[in-house]
Amino acid sequence: MLGIGIIQGLVETARNFFGSYTSKQRLTTVQFPDERLIQPEAARVFPFLVYDTDDWEKGLRCVACKICEVECPPQCISITKSADKKPDYSGIYSGKPQFYPEKFDIDVSVCMSCQICVEVCPFEAIKMDNAFELSTDDRFGGLMWDKQRLAMPNSHYQAIHPTDAAESDAALAEKKAKAEAKPAAAAAAAPAKPAPEKAGAATER
Amino acid sequence: MRAEPITAEQVKAAIEAAVPGCRVQVLANASPSGQHSLILDHEHAAEAARFLRDDPTLRLDYCSNATGVDWLDSELSEKVKVKKLVDGAETEVEEVRKTKVPGYLEAVYHLYSVEKKHGPVIVRMRTGDRKEDVHLPSLTGVWRSAEFQEREIFDLYGVIFDGHPDLRRLLMWDEFKDYPMRKDYVPPADDDDLVGAERSGG
Amino acid sequence: MSPETANLEEIVAQVPPARGVVEPLPPVNAEGEQLLEISMGPHHPSTHGVFRMNVVLEGEQVVRLKPVFGYLHRNHEKIAENAAYLAAIPYTDRLDYLCSMTNNWGYALAVEKLAGIGVPERAEYIRVIVAELTRLQNHASLIGFLMQDMGMSGTPLMYAFREREKILDLFESLSGARMMCNYMRFGGVRVDTSAEWLRQVRELNGEFPRFLDEFESLLAGNEILMGRAQGVGVLSPELAVSSGASGPMLRASGVNYDVRKVDGYGVYDRFSFRVPLGDHGDVYDRYMMRVLEMRESVKILEQAVRDIPAGPIMDPKARLRGLRPKAGEAYGRIESPKGELGFYLISDGTGNPYRYRVRPPSLINLTVLEDMCLGRGVADVVVILGSVDIVLGEVDR
Amino acid sequence: MTTQAVDQIFVTIKHWLVLQSPAVIQPAVSVLLSVLPLLIIFPSLFAVTTVLERKGLGRMQNRYGPNRVGPYGFLQPLADGIKALIKEDIVPVGADKLVHFLAPLLLVMTAFLEYAVIPVGRNMVVADMDSALVFFFAAGAAMEVSIFMAGWGSRNKYSMLGAMRAVAQMISYEAPLILSSIAVVMIAGSLSTTTIVERQAGYWGVWPYHWYVFTPWGMAGFVLFMIAATAESNRSPFDLPEGESEIIAGYFTEYSGFKFALFFLGEYLGMFAISGLAVTLFLGGWAAPLSFLTFIPSWIWFFAKLMTLIAGFIWIRGTLPRLRMDQLMNFAWKFMLPMTLVVIFSAGIWRFMPSGIVRWVVCAIPIVLLYWLLGRALMGGRKLEKRTYRFAE
């Protein structure tokens with residue numbers, strides 16, 4: 001009969017009207033500045049550069065290899081490679097001096113948060129941050145982040161992405177162990193046993 | 001439910017049998033996808049397309065995709081052995097012979113059959129060169145879905161489809177002059193230099 | 001009459017014509033009477049973005065309707081041709097920005113065909129799960145938007161968004177982003193799912209039918225909705241096939257064609273699900289197709305989450321960087337929520353695709369927009385456009 | 001103070017104030033004191049209603065609604081008002097400036113005129129006319145003129161379409177609106193709103209037995225009246241004239257700033273007025289709904305009933321999609337009109353039959369029968385039905 005469907009609909013909205021007062025399932029709104037959702041671990045916004053030790057400039061893991069610059073889909077990264085080499089402060093390059101980025105700029109107004117730079121980086125040097133309240137009144141300078149703005153300690157990475165950071169640290173430890181094992185193996189004719197064991201332990205976790 | 005795939009050779013034979021005078025060429029595809037295609041000649045393309053659509057065994061009634069490709073002028077280099085007189089004695093010398101292949105524009109149609117659930121059969125048409133005024137026959141009369149896609153090819157590649165009911169630019173604005181998907185298209189350094197851009201206040 | 005009114009003609013003559021308007025047909029009917037020509041869009045509440053229709057009306061009846069595209073054109077294809085294969089994936093997210101997961105899949109499928117990369121079983125199951133979740137959220141919000149176009153003050157839209165939010169939360173915890181997921185890679189997926197994530201999917205999937213029931217009791221029997229939708233925008237099966245309509249729009253016309261069934265790409269042939277078919281091809285059928293497809297998606301999800309095997313998520317041979325497929329071409333297509341999404345790639349052996357083409361279901365479904373709208377009122381145009389389900393990011397690319 | 005005194009407090013204050021003023025200006029003061037409160041109360045009610053509507057709609061849609069400005073968001077209209085005031089007032093180049101300017105003013109003015117005949121409490125009516133209903137509908141009809149002025153003066157195609165729709169719709173629905181109130185006039189034997197309210201006074205036990213809504217013809221008449229009222233005040237599902245998803249904002253597409261706000265005010269004032277009339281005609285006016293609740297002042301009851309009807313408007317708005325123009329017209333002429341005619345017929349039977357359960361049933365039969373028939377015709381004529389679908393494996 002005419003009107004049944006309309007009455008059904010009215011009942012449904014009424015149910016939702018009262019339901020929104022009683023059930024958290026229905027009223028899912030989060031009132032943002034007062035309440036905040038917990039960001040999932042995977043959340044990603046813009047990249048940052050990881051550094052070890054306390055000195056952001058010396059401890060940067062980045063060796064200015066420019067892979068991310070090439071692979072970045074919107075090409076928002078611009079790197080200038082240094083002329084000289086700096087000593088291995090972070091201790092992941094088996095003490096060999098490395099090149100470093102003289103300039104490392106990311107234009108975050110262009111960046112599309114795709115995470116490809118993170119995936120292609122062979123040195124675990126660039127990672128995704130999850131800070132999202134980044135508005136600025138400086139339209140050009142404020143959105144062109146230089147390497148000081150981008151540098152974040154490894155502890156920050158461990159804090160925001162614990163699982164990924166553990167994997168990344170393990171991978172680095174393994175690499176380090178291998179690098180240490182190699183000269184040891186070359187020096188002593190006997191195969192260096194402790195190092196591979198250590199590497200194996202690192203992969204297991 | 002999935003039908004047996006039909007090979008390009010079978011389709012070629014069927015077309016040549018049904019459309020007298022139609023020259024069909026099979027273009028082999030080296031990639032693992034194994035999707036070989038057929039090159040139709042201009043004069044019989046519409047007729048062949050109609051045959052493909054209406055033939056009871058083929059029934060390619062669904063034109064999924066129609067698109068253009070721009071092939072630049074290229075040089076084919078092949079090594080040939082030629083006999084030459086070197087120091088008075090005739091010896092075989094390897095020589096690289098270069099043949100110029102003129103560029104052309106291409107329209108590619110991916111056909112499926114909704115009724116028989118097979119496909120894709122890929123049909124291509126090629127222009128003679130890649131100048132401003134290149135023509136291909138329109139297949140919109142056969143598959144309505146080509147209407148917007150041929151307009152897009154016209155818009156981005158500059159192929160003029162004869163017999164298209166409403167051939168206007170699709171994505172670019174009407175005052176725009178160039179064909180942006182062509183491989184040799186050079187975008188203006190500044191967006192303001194785009195033709196017609198200043199009109200919209202840009 | 002004020003002086004301003006008097007010289008309006010002059011004022012109008014000074015204003016340059018807008019982009020893309022070359023409409024030689026004068027707006028007069030057979031008797032030579034002036035018709036009302038209105039431009040719906042690009043700023044219009046219900047054109048779903050910057051889409052424009054040049055509509056010529058006789059009274060309130062449409063006698064001509066020409067869609068105008070290109071306001072969101074960014075030449076996605078050219079961008080992708082100038083970049084490596086990998087770099088196009090985040091751009092595909094932005095085609096149909098409601099369904100980034102299926103867009104990723106379509107592109108990944110085409111590249112896998114082109115380069116002959118296999119996909120591990122677990123990755124295939126994960127792909128099915130995220131694709132069906134995408135379908136759920138796309139269809140739910142489409143129904144919301146359609147009802148919004150019918151003037152429902154946003155109630156169904158809000159219900160749909162309430163549910164969509166839960167799915168987006170799942171996407172975020174899996175891939176890190178809610179909409180621009182950038183999740184699939186050639187030969188697999190980027191990150192593995194945890195058991196906890198799968199449990200959440202199962203939970204959401206269990207609750208989803210309740211939401212569909214709610215939708216049904218709110219909408220399906222509503223007399224006004226039936227009056228607005230039934231018999232409006234009828235598309236015959238012949239025209240639907242000929243015009244390349246795909247997805248729910250094709251099936252609403254009664255054509256049994258679902259790429260998931262026909263191609264059986266991924267592992268879709270392992271799941272039992274049905275394809276709903278409409279008998280009338282009108283707006284109501286198109287709306288109901290979406291509701292019924294959501295119910296089928298729930299079934300697929302149930303099976304996929306139950307059967308997902310353990311194993312790797314990336315093909316060991318697949319490489320992230322420096323993919324150089326052999327010269328050749330491939331066309332891969334999937335059943336995206338909007339319809340048949342195809343990617344056509346030509347490789348010339350270098351690291352960039354020589355030709356990269358997207359077959360946008362949204363654009364091609366619009367081919368018959370004029371045919372469906374002729375003779376109907378402005379109010380119907382809006383509803384018919386809404387039932388086609390377009391996203392301008394994909395229409396204009 | 002007795003309940004009687006509280007009930008009449010405004011009347012007493014007004015009389016006292018009038019008596020304080022010099023005799024020459026006493027009529028003018030009397031008019032002013034009657035009109036001024038209306039000019040304040042109903043716009044304030046508009047402000048409160050916008051918040052309540054947005055919150056109510058929000059809750060129906062599982063969200064909070066405005067809750068940022070002031071306590072529970074109740075200062076939102078203030079913020080909206082300030083915003084409307086400081087916005088640029090744009091007049092299109094091609095517009096007819098005078099008509100464009102006058103349209104919103106005229107709309108609000110005519111809406112206020114309607115309140116002259118609505119008794120908002122015992123002895124509280126601005127103009128107690130014998131032909132109050134005629135006056136009300138005449139003033140209501142003037143609103144169409146202002147809406148058409150807005151659409152025409154804007155020189156915008158969407159405005160024009162909206163105005164055309166509005167005029168067609170409002171004229172069509174005036175017929176069922178007036179016809180359904182004619183049934184009340186027949187039974188009450190008067191066109192005066194106060195008399196109509198008085199005829200509905202009295203209780204049977206605790207129940208307000210004499211309210212016209214509790215008769216079969218009154219119930220049907222009330223529903224039909226409310227449907228027509230929804231259409232008259234351009235509310236969803238009959239909001240075609242503004243049909244936001246189709247024709248932008250209809251006749252007020254080209255209005256901005258405070259003129260835009262005036263259109264909103266006009267729309268809500270029209271809605272209040274017509275709901276007030278519905279309260280008067282069918283719901284016993286300012287009378288308490290249960291006999292033991294009479295200690296609460298009459299004007300509170302009037303506004304309580306008014307707000308209940310408004311809540312109904314909001315509820316419907318949150319649930320129903322919009323009709324289409326032809327459906328709207330079909331509904332008006334093929335359903336509403338015959339239904340109101342049969343309501344009049346039923347009221348006639350009611351007038352001449354002895355009271356009792358038999359009278360109730362006899363009066364209900366033609367209404368239910370016609371409703372069933374028309375419902376079938378409306379749905380069956382276009383084959384509207386829930387469908388079943390086939391599936392392919």
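So you know, we letter chains A, B, ... as the sequences are listed, proteins then strands, and number each from 1. Because only heavy atoms are used, hydrogens play no part in the values below, and waters and symmetry mates are left out as well, while side chains stay in. A quick note: this is a predicted structure, and the numbers were derived from the prediction, not measured.
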Q | C:L218: which of A:Q8, A:R15, A:E12 passes side-chain contact (heavy atoms from CB on, under 4.5 Å) | A |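 Among the candidates, only A:E12 passes.
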
Q: Could you list which of residues 123-135 of chain A have a heavy atom closer than 4.5 Å to any heavy atom of chain C, in residue-number order?
A: none

Q: Please report the closest heavy-atom contact between A:M112 and C:P90, naming both atoms and the distance.
A: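 Distance-wise, the nearest heavy atoms are CE-CB, 3.3 Å.
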
(Q) For C:E223 versus A:G5, what's the shortest heavy-atom pair and its separation? (A)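 Minimum heavy-atom contact is OE2-N, 3.2 Å.
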
Working to the nearest 0.5 angstrom, can you tell me the gap between [X] [atom1] and [Y] [atom2]?
X      : Y      : atom1 : atom2 : value
C:L86  : A:C114 : CG    : SG    : 8.0 Å
C:R162 : A:S20  : CZ    : OG    : 10.0 Å
A:T29  : C:E165 : OG1   : CD    : 9.5 Å
C:D169 : A:L37  : CG    : CG    : 7.0 Å

Q) Out of C:M180, C:E207, C:R178, C:R190, which one racks up the most heavy-atom pairs below 4.5 Å with chain A? A) C:R190

Q: Flag the one option from C:G176, C:A87, C:G221, C:A84 with the top tally of heavy-atom pairs under 4.5 Å to chain A.
A: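 Among the listed options, the one with the most contacts to chain A is C:G176.
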
Q.
Between A:E119, A:E71, A:E41, who has the most heavy-atom pairs with chain C when the cutoff is under 4.5 Å?
A. A:E119

**Q.** chain C contacts, top residue of A:V11, A:I67, A:T28 (heavy-atom pairs, under 4.5 Å)
**A.**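 Most heavy-atom pairs within the cutoff with chain C belong to A:I67.
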
Over 12 foreign heavy atoms within 6.0 Å of [atom1], [X]:
X      : atom1 : answer
A:D137 : CG    : no
A:D54  : CG    : no
A:R36  : CZ    : yes
C:R210 : CZ    : no

Q) Contact part of C:L174 toward chain A, heavy-atom cut-off under 4.5 Å: side chain, backbone, both or neither? A) backbone

Q | Proximity breakdown for C:A177 and chain A, heavy-atom pairs closer than 4.5 Å | A |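 For C:A177, heavy atoms of backbone and side chain both lie under 4.5 Å from chain A.
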
(Q) List the residues meeting side-chain hydrogen bond (donor to acceptor under 3.5 Å, both in side chains) with A:E35, not counting sequence neighbours, and say none if there are none. (A)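 A:E35: no side-chain hydrogen bond (donor to acceptor under 3.5 Å, both in side chains) contacts found.
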
Q: Without swapping roles, check the side chain of A:R44 against the backbone of C:S175 for a donor-acceptor pair under 3.5 Å.
A: yes

**Q.** pair C:T155-A:N16: side-chain heavy atoms closer than 4.5 Å
**A.** no

Q: Answer whether the closest heavy-atom distance between the side chains of C:Y91 and A:P74 falls below 4.5 Å.
A: yes

Q. What part of A:T13 lies closer than 4.5 angstrom to a heavy atom of chain C: side chain, backbone, both or neither?
A. both

